[in-house]
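Reckoned from all heavy atoms, side chains included, excluding hydrogens, waters and symmetry mates. Remember, it's 1-based here, ligands and their atoms both numbered in the order they're listed.
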Amino acid sequence: MKREDWRGPLIAAVAPYSYRYDQPLARYTSFRIGGPADLLVEVNTREALDRLISYCERETIPWLLLGRGTNVLIKDAGIRGVVVQLGPDFNRITVEGVNLRAGAGAPLALVAETAARYGLSGLEFASGIPGSLGGGVYMNAGAYGREMKDVVAGAEVYHLDAGFTNLNREGLALGYRTSSLQQSRGILIEAHLQLTNGDEAAIRAEMKALNGQRREKQPLELPSAGSVFKRPAGAFAGRLIEEAGLKGKTVGRAQVSPKHAGFIVNLGGATAGDVLALIEEVQTEVERCTGYRLEPELRILGGE
Ligand SMILES: Cc1cc2nc3c(=O)[nH]c(=O)nc-3n(C[C@H](O)[C@H](O)[C@H](O)COP(=O)(O)OP(=O)(O)OC[C@H]3O[C@@H](n4cnc5c(N)ncnc54)[C@H](O)[C@@H]3O)c2cc1C
């Protein structure tokens with residue numbers, strides 16, 4: 001169906017939720033890269049989300065969910081179909097004893113900060129990860145030897161066929177930068193985290209130390225999507241890239257960060273094409289020099 005034919009009826013069907021036509025997605029990603037979405041819709045209730053996704057499926061309109069856009073590379077041609085964002089009603093955080101429940105749209109840093117305020121330990125590692133809780137569970141985000149898997153006890157998930165259901169830890173199948181949601185196209189609505197009692201000052205001191213390490217080692221002053229490649233078994237992507245002599249390598253306005261070779265940074269005005277060409281060059285050169293084939297960790301979204 002041509003977009004002229006579906007956008008009006010879709011808006012009528014999901015109104016009055018907030019939407020934008022042909023919205024450049026660069027401003028919704030930490031890379032500051034990405035062409036336009038045919039339609040960007042922010043939903044604020046479970047019912048609206050169900051209506052929107054059901055409509056898209058019925059009319060075969062492609063859709064995808066965007067969190068805080070910190071682990072994606074959106075292609076220059078943008079995204080055909082509907083890009084869905086979860087609105088503020090999916091940001092709520094509640095704490096009961098050692099149990100913290102938070103909406104998928106809540107920034108991970110805010111979830112970690114809330115845990116610290118209640119003297120709950122377990123999320124110190126996540127306080128410097130810039131994504132949402134939903135993206136964090138979907139990717140099983142991790143740092144400094146810890147990962148979401150260590151604290152996630154269960155989650156409420158939306159699937160087109162099953163509606164809103166609860167999954168336990170096993171059902172989420174969290175593994176290295178993976179979860180069952182990546183196969184099932186499930187949308188994480190809320191996560192239930194099980195933390196442990198700790199001392200607020202000690203928790204904050206650890207968060208401060210880890211974030212200091214980040215600032216020292218990572219190029220946080222430039223737009224990026226974090227580590228571009230997954231860690232291959234028995235090696236570190238950044239080290240392999242350095243070994244291949246690619247630190248500082250530039251294609252267009254995209255550069256392998258001279259500060260941390262695992263990051264590609266946008267020097268200002270980089271296109272997705274620049275980043276993709278650089279990724280390919282890194283893969284080829286690293287494989288030639290070290291024998292390791294690096295696989296992207298970031299999600300590459302959109303058409304040609
Ligand atoms: C400077 C910097 C540092 C970083 N450091 C780390 C780090 O230390 N460790 C780490 O693991 N990552 C790191 N990242 C990457 C990123 O922050 C994480 O992967 C984060 O969890 C992604 O969340 P997001 O909301 O931005 O997801 P997005 O980038 O918006 O989306 C990523 C994927 O998750 C899906 N998704 C998002 N929300 C949902 C949802 N509610 N339900 C279903 N699917 C969803 C999207 O469809 C997409 O496929 C870093 C990134 C940057 C820019």
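- For atom 31 (O) of ligand 1, the nearest non-hydrogen atom of the protein is Val72 CG1, 3.8 Å.
- Near Ile187, meaning under 4.0 Å from one of its heavy atoms, ligand 1 places the atoms 42 (N), 43 (C).
- Side-chain atoms of Val251 and Glu281, non-hydrogen and from C-beta on, do get closer than 4.5 Å to each other.
- Atom numbering of ligand 1 starts at 1 in the shown order; those under 4.0 Å from a heavy atom of Arg299 are 33 (C), 49 (O).
- For the side-chain contact (heavy atoms from CB on, under 4.5 Å) criterion with Thr271, the lone passing option out of Leu276, Asp76, Asn266 is Asp76.
- No side-chain heavy atom of Leu123 sits under 4.5 Å from any side-chain heavy atom of Met207.
- Residues Val265 and Glu221 form no side-chain contact, since every pair of their non-hydrogen atoms from C-beta on lies 4.5 Å or further apart.
- Closest protein heavy atom to atom 25 (O) of ligand 1: Ser132 OG, 2.6 Å.
- Among all non-hydrogen protein atoms, the one lying nearest atom 28 (P) of ligand 1 is Gly69 N, 3.6 Å.
- The residue from Val265, Ile189, Leu65 that puts a heavy atom closest to atom 45 (C) of ligand 1 is Leu65.
- Less than 4.0 angstrom separates some heavy atom of Gly142 from each of these atoms of ligand 1: 7 (C), 8 (O), 9 (N), 10 (C), 11 (O).
- Arg239 has no carboxylate O lying under 4.0 Å from a charged side-chain N of Glu242, or vice versa, which leaves the two without a salt bridge.
- The residue among Thr70, Leu133, Leu66 with a heavy atom at the shortest distance from atom 20 (C) of ligand 1 is Thr70.
- Within the 4.0 Å heavy-atom criterion, the part of Ala225 lying near ligand 1 is the backbone and not the side chain.
- Taking both residues in full, the closest heavy atoms of Ala237 and Lys230 are given as CB-O, 3.9 Å, listed atom of the first, atom of the second, then distance.
- Protein heavy atom in closest approach to atom 12 (N) of ligand 1: Ile129 CG2, 4.0 Å.
- For the pair Trp63/Val41, no side-chain contact is recorded, criterion being any heavy-atom separation below 4.5 Å from C-beta on.
- Other members of the hydrophobic cluster containing Leu210, listed by chain and number, are Tyr144; membership follows side-chain contacts under 4.5 Å among ILVMFWY residues, whether direct or relayed.
- Which of Gly103, Pro130, Pro219 comes nearest to atom 50 (C) of ligand 1 through a heavy atom is settled by distance: it is Pro130.
- Considering backbone and side-chain N/O of Met139, none are found under 3.5 Å from N/O of ligand 1.
- Atoms of ligand 1 found under 4.0 Å from any heavy atom of Ala104 (numbered from 1 in listed order, with element): 41 (N).
- At a 4.0 Å cut-off, at least one heavy atom of Arg214 sits close enough to ligand 1 to count as contact.
- Below 4.0 Å from some heavy atom of Ala143 lie the following atoms of ligand 1, by number and element: 8 (O).
- Note on ligand 1: Arg177 sits in its first shell, one or more heavy atoms being nearer than 4.0 Å.
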- Walk me through it: do Tyr28 and Gln23 pass the test side-chain hydrogen bond (donor to acceptor under 3.5 Å, both in side chains)? CA-CA 10 Å; Tyr28 299 90; Gln23 183 72 357; 3.1 Å; yes
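- Protein heavy atom at the shortest distance from atom 29 (O) of ligand 1 is Asn71 N, 2.8 Å.
- With a 4.0 Å heavy-atom cut-off, ligand 1 is reached by the side chain of Ser30 but not by its N, CA, C or O.
- With a heavy-atom cut-off of 4.0 Å, Leu220 touches ligand 1 through its side chain alone.
- By the neighbour-count criterion of 12 heavy atoms within 6.0 Å, atom CZ of Phe236 is sparsely surrounded, having that number or fewer from other residues, nucleotides or ligands.
- Salt bridge Arg46/Glu156: present, at least one basic N to carboxylate O contact under 4.0 Å.
- Electrostatic pairing of Glu113 and Arg204 counts as a salt bridge here, judged by a charged N lying under 4.0 Å from a carboxylate O.
- Counting protein heavy atoms only, atom 27 (O) of ligand 1 is closest to Gly135 CA, 3.8 Å.
- Both the backbone and the side chain of Arg68 come within 4.0 Å of ligand 1, judged by heavy-atom distances.
- In this structure, Phe263 shares a hydrophobic cluster with no other residue, the cluster being traced through Ile, Leu, Val, Met, Phe, Trp and Tyr side chains under 4.5 angstrom apart.
- At the shortest separation from atom 42 (N) of ligand 1 among protein heavy atoms lies Leu188 N, 2.9 Å.
- Looking at Phe125, Tyr28, Tyr138, Tyr158 and measuring to atom 48 (C) of ligand 1, the nearest heavy atom belongs to Tyr138.
- Near Ala141, meaning under 4.0 Å from any of its heavy atoms, are these atoms of ligand 1: 10 (C), 11 (O), 21 (O).
- Heavy atoms of Gly186 come nearer than 4.0 angstrom to ligand 1 in at least one pair.
- When all heavy atoms of Ala254 and Ala270 are compared, the closest pair comes out as N-CB, 3.9 Å.
- Under a 4.0 angstrom heavy-atom cut-off, Leu181 registers as lying outside contact with ligand 1.
- Two residues are said to be in side-chain contact when any heavy atoms from C-beta on lie closer than 4.5 Å; Glu42 and Phe90 fail this criterion.
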